[in-house]
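The structure appears right after this line, and notes come after that.
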Amino acid sequence: MSLITHDVHSAVTILLTGGIIGLPTETVYGLAALAENKEAVARVFSTKGRPTDHPLIIHLSPEADIDQWGHLTPHARTLADSFWPGPLTLLVRRTTRVPDWVTGGRNTVALRVPSHPVAQQLLREVNTGVVAPSANRFGKVSPTTAEHVAADLGDDVDLILDGGACSVGLESTIVECIDEEVRVLRPGSISVADIEGVLGRSVSPTQGESRAPGMLASHYAPRARVVLCDSLPAAQELFTEAGESGVKARIMWHDDIDDYAEHLYADLRAADSDGCSVVFAVVPSASGLGAAIRDRLQKAAHRA
Ligand code: TXA
Ligand code: MG
């Protein structure tokens, strides 16, 4: 029996009765549970195989009262006003409503208001906070279609809500706003320049490994080895050499940077399903969305 459905009401009922579901968002698919249901959140951690000290993002509808969940600084409020609903996660001091099992006991919470219409409908109907880490097993490639979630998690989820292929394709930009500080902990489609543009000030660069556990050096990794290439001709040369020595390989490259992000994870998955042993990935320039793609490619290429 297929767990994949377009029926939002069934998904809402499952969440409200303590189940876990695959949830479409504009970035990647999430593995969702009610934030305040301890057993359901525990099942999210165990299904992913994720350490419980790697905290989860709480997702809220555009109408939700954010102040019930987090203390937004003036900078955080400006970013929320500019980029929500959308692929931005704000890391702020938490309120007493936020359960310890979501944050691993930290005094901060990650909050996001997604723009995907199906996610919004679900969040409105459940009318409370929903945790949703990416719906992949820990350390593996994030899912950008309902079928990816089914392939990864199968019967371990109660239902997969199908909202089509994710339009962004990369996880949200995470920005920590504590006191006067603004720091980008995970690059995404909302770039450092976008953030600096609305705040009118410079922000601390990415590199928040210790502050946002889960952003380990090796992550987003397919089975195939990922080799980073500076240019398309360099990738083509390596691809030809691989072919000559009987190694099944694939080139990863999209001219359009939005297309590259949108298809990045699907391309990595396709390499595995086609039985490729190596992927030659052309690294885009580091401006804007390119920075986020480089970050994911470097992690996919890293071998512990
Ligand atoms: O686009 C996204 O953000 C997707 C979709 C489903 O919304 N979700 C997602 O969740 O990427 P996840 O759990 O795969 O990544 C969230 C990251 C993790 O690295 C986690 O450690 C960090 O955010 N994080 C969450 N809460 C935190 C906190 N209180 N302090 C530090 N890091 C936190
Ligand atoms: Mg993830």
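Keep in mind that what you see is a predicted model, and the values were worked out from it rather than measured. Just so you know, ligand 1 is whichever comes first in the structure, and atom 1 is the first atom listed for that ligand.
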Report summary line: Checking D156, D152, T47 against R137 for side chain to side chain donor-acceptor pair (under 3.5 Å), the one that qualifies is D156
Query raised in the report: So, H54 versus F138, ring centres under 6.0 angstrom or not?
Result: yes
**Report entry** K48 N/O under 3.5 Å from ligand 1 N/O
**Finding:** no
Query - Expected output: side-chain R93 to main-chain N107 donor-acceptor under 3.5 Å - result: no
Requested in this report: Please say which of T27, L88, L123 ends up in a side chain to side chain contact (heavy atoms under 4.5 Å, CB included) with P114.
Outcome: L123
Requested in this report: Find all atoms of ligand 1 within a distance of less than 4.0 Å from any non-hydrogen atom belonging to A132, and give their numbers and elements.
Outcome: 6 (C), 8 (N), 10 (O)
Query raised in the report: Can you find an N/O atom of T108 closer than 3.5 Å to an N/O atom of ligand 1?
Result: yes
Query - Non-hydrogen atom of R50 closer than 4.0 Å to ligand 1 - result: yes
Query raised in the report: So if you build clusters from Ile, Leu, Val, Met, Phe, Trp, Tyr with side-chain heavy-atom gaps below 4.5 Å, do L79 and L111 land together?
Result: yes
Query - Side chain, backbone, both or neither: I174 near ligand 1, heavy atoms under 4.0 Å - result: side chain
Query raised in the report: Quick one: does R124's side chain have a donor or acceptor within less than 3.5 Å of a partner on S61's backbone?
Result: no
Requested in this report: State whether the shortest distance between N or O atoms of E171 and N or O atoms of ligand 1 falls below 3.5 angstrom.
Outcome: no
**Report entry** Residue selection (non-hydrogen contact nearest atom 24 (N) of ligand 1) among G30, P55, G104
**Finding:** P55
Query raised in the report: Angle class for the Y260/W253 ring planes (parallel below 30°, perpendicular above 60°, tilted otherwise)?
Result: perpendicular
Requested in this report: Would you mind running through ligand 1 and noting each atom that sits below 4.0 Å from a heavy atom of T27?
Outcome: 1 (O), 2 (C), 4 (C), 5 (C)
Query raised in the report: H59 near ligand 1, heavy-atom distance under 4.0 Å?
Result: yes
**Report entry** Element-labelled atoms of ligand 1 that are located less than 4.0 Å from some non-hydrogen atom of R106
**Finding:** 30 (N), 31 (C)
Query raised in the report: Got a donor-acceptor contact below 3.5 angstrom from the K248 side chain to the D274 backbone?
Result: yes
Query raised in the report: Short list, please: which atoms of ligand 1 are under 4.0 Å from a heavy atom of L91?
Result: 27 (C), 28 (C), 29 (N), 30 (N), 31 (C)
Query - Sub-3.5 Å N/O-N/O distance, R186 and ligand 1 - result: yes
Report task. Check ligand 1 against S172 and write out every atom of the ligand that is under 4.0 Å from a heavy-atom position of the residue. Result -> 1 (O), 2 (C), 3 (O)
Report summary line: The atoms of ligand 1 lying under 4.0 Å from a heavy atom of I57, numbered in the order shown, are 3 (O), 8 (N), 9 (C), 10 (O), 16 (C)
Query - Check against salt bridge (charged side-chain N to carboxylate O under 4.0 Å, His left out), R77 and D67 - result: CA-CA 10 Å; R77 229 168 265 285; D67 300 332; 3.2 Å; yes
Query raised in the report: Got an N, O or S from S142 under 2.8 Å of the Mg ion (ligand 2)?
Result: no
Query raised in the report: Are a donor atom and an acceptor atom from the side chains of E171 and S142 found within less than 3.5 Å of each other?
Result: yes
**Report entry** ligand 1 versus L56: contacting region, heavy-atom distance under 4.0 Å
**Finding:** backbone
Query raised in the report: Is it the case that T25 and R112 place a side-chain donor and acceptor less than 3.5 Å from each other?
Result: yes
Requested in this report: Answer with yes or no whether T103 contacts ligand 1, where contact means a heavy atom under 4.0 Å from a ligand atom.
Outcome: no
Query raised in the report: Counting each atom of ligand 1 from 1 as listed, which ones have a heavy atom of A110 under 4.0 Å away?
Result: 25 (C), 26 (N)
